[in-house]
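First the structure, in the form of structure tokens, and then the observations on it.
Start at 1 and go down the list; that is how both ligands and their atoms are numbered. Excluded from the calculations below are hydrogen atoms, water molecules and symmetry mates; all remaining heavy atoms, backbone and side chain alike, are included.
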Amino acid sequence: DAALNVPDRKVDSVCPYCGVGCQLTYNVKDDKILYVEGRDGPANHKRLCVKGRYGFDYAHHPQRLTVPLIRRADAPKRGDFVMNPDNVMDVFREASWEEALDFAAGKLKAILDTHGKKALAGFGSAKGSNEEAYLFQKLVRTGFGSNNVDHCTRLCHASSVAALLEGIGSGAVSNPVMDVTKADVVIVIGANPTVNHPVAATWIKNAVKNGTKLIVADPRRSDLVRLAHRHLQFKPDTDVAMLNAMMHVIVHEGLVDEDFINSRTIGYEDLKRNVEGYSPEAMAPICGIDAETLRDTARLYATSKGSMILWGMGVSQHVHGTDNARCLIALALMTGQIGRPGTGLHPLRGQNNVQGASDAGLIPMMYPDYQRVDHPGAQEKFEKLWGMPLDTEPGLTVVEVMHAAKEGKIRGMYIMGENPAMSDPDANHAREAMAALDHLVVQDIFLTETAYLADVILPASAFPEKTGTFTNTDRLVQLGRQAVPPPGQAKQDLWIIQEIARRIGLSWKYGHVSEVFDEMRKSMASIAGITWERLEREHAVTYPCPVEGDPGHPVVFIDQFPTASGRARFVPADIIPAAERPDTEYPKVLITGRQLEHWHTGSMTRRAGVLDAIEPDPVALVHPLDLEELGALPGDIITIESRRGKVALYARADESSPRGAVFVPFCYYEAAINKLTNPALDPFGKIPEFKYCAVRLTLGGTP
Ligand code: SF4
């Protein structure tokens, strides 16, 4: 019956998945989303990928949490981790909101009173709105009394942000993705946009069609390679060697932009001295790219009218992730390839609001707008705004919180919309750490692997069930609008945060979400000029937008950098090897990442019918010759094992992985690959080394 598919309303919103920030319209009938259409937003111009178009029905999934749950006194021990979403009531009992909130907040408060402010921590979410992120970090800072607040930015671009803040004074992109269409040369390094930022990839493809030269630098052969002018298939873990060699060429062949260096930067002489030791001939055997190709690529990048660099987790998720990003920044600075349309630096942000959640202060060392917690001026400003004294010591990061929990230093946690039991490195350790807590409060929409460990679960709202702002990878602040009501007794996240806050002694009185946004504008110069009315009218405004009426600035750093001196800074980098190299016991390298159809830990997309039908089972992508060596056929079950754990999953022959490296998506709870990954951290960004650890493969096993 055709009438069944006629929506009774259309609601304009944005996509809940990746940082591209495609605008879309929910077509709703009887409070159910029937289908989704692309809107003419600045980042997508009506385009959507498979996730944005088909990944919406998770919101109506029967496994949605619809009532508050409290762990039963006779429930299995929290460490005995055998999750069964169909058998929730063996572990939890239903509770009223009043009881659940009193219990959740009461125990947090008791821990605070008994063990002090450093005994609590909170993880917010890059999936939530800016307003949720802001209120969550404010709750931890003013209610828990410390800066122990973080979120999954720590696991994706923390190292890029560390390098960008240090080098150019801003952690955000210099140019929007769409600028690839104005560039003559585009370098995509350590990123697989066709999978992770699919609509952005379409703009790259359009650019190539119109003559832009695309250079893909990646140990894996991604789909974009088919269109690339050149694929630099460097050996995993050798980014610094390759990039320093390119800079060596640029220096030696006089391809630097001296005017730009002299007028806009500091520290060039140090960089120049450092890259002297990285000739292409010396680096070729290390990175696996021959010297002439390194020379050619360096010339191409340095001499084009406009060159742009986009990068992803392949750059950032290493113990030398900050060094990798420092090299990319130095490349742009020494050639003056920044500050104009069609140039610049673009770390492709992963989650739909990882940029905004970071901007809003959901990080342990910064208040909103990257104002350091240990800077007296910033502290004073926020103490005045929030009306209470604040802790000046930077808090613990995601992985540090887990270590502290395991050691009994952190005793209580509030986790909103994150799933560290799946997403943290060395996931068994993370699960043991959360199981060791005296009190774990989880706010989510499904019984995630993390929620399963909780003492109390607060049923929250899915993306289409709330209104708020979300900031995409281009610094575009966009309005997501509520399309359907939350199911059962599930509540809006903003309401839940405020109820917890009230019970630990904070007297907040926010009505509409726009009141939170207005408070954010008071402390964040970047968005001070963006009014709620304008967002409702225009749907999206790019920051920086410091005063009302400012059009917003997609391209920044045109005249100066937002540093104290107005200049950017070169920071030299040397080769630091991965924390765990292959050896005879564990001879292969594990690389983790995402699949096109699934999102992060899979809690949403694996409950979206179309997406789950396309990719239903855990897979490992293995080079065909490595499979042959193993005696395995595609579709066979193989076991992958590291020093920290093992999983069994289906083998898929995949020529895009180099020999000796196996790629595994981290979305499958049945084969949680992060049980294997290495929690070793980059010292600057404190990001774990997800992109490199030593493993061994065997045929067989039980998934
Ligand atoms: Fe959503 Fe990203 Fe796909 Fe756009 S490209 S539809 S934002 S997942």
Counting from 1 in the order shown, the ligand 1 atoms closer than 4.0 Å to a non-hydrogen atom of Val199 are 4 (Fe), 5 (S)
Does Arg607 count as lying over the ring of Phe446, i.e. NZ or CZ under 6.0 Å from the six-ring centre, within 45 degrees of the axis? yes
Under 4.0 Å from any heavy atom of Gly21, which atoms of ligand 1 are there? 7 (S)
Return the orientation label for the Phe463 and Phe470 ring planes: parallel under 30°, perpendicular over 60°, tilted otherwise. tilted
Of Gly52, Cys15, Gly38, Cys22, the residue with the heavy atom nearest atom 1 (Fe) of ligand 1 is Cys15
Working to the nearest 0.5 Å, report the span between CG of Asp424 and NZ of Lys675. 14.0 Å
Less than 6.0 angstrom from the centroid, inside 45 degrees of the normal: does Arg47 satisfy that with respect to the ring of Trp203? yes
When you measure from atom 2 (Fe) of ligand 1 to each heavy atom in Cys18, Ala201, Gly19, which option holds the nearest one? Cys18
Can you tell me if, anywhere in Cys49, an N/O/S atom lies at a distance from atom 3 (Fe) of ligand 1 that is smaller than 2.8 Å? yes
Should the ring pair His600 and Phe666 be called parallel, tilted or perpendicular, given that the plane angle runs from 0 to 90° and is split at 30 and 60? perpendicular
Show the atoms of ligand 1 that are less than 4.0 angstrom away from any heavy atom in Pro198. 5 (S)
Without swapping roles, check the side chain of Arg39 against the backbone of Ser13 for a donor-acceptor pair under 3.5 Å. yes
Which atoms of ligand 1 are found less than 4.0 Å from any heavy atom of Tyr17? 8 (S)
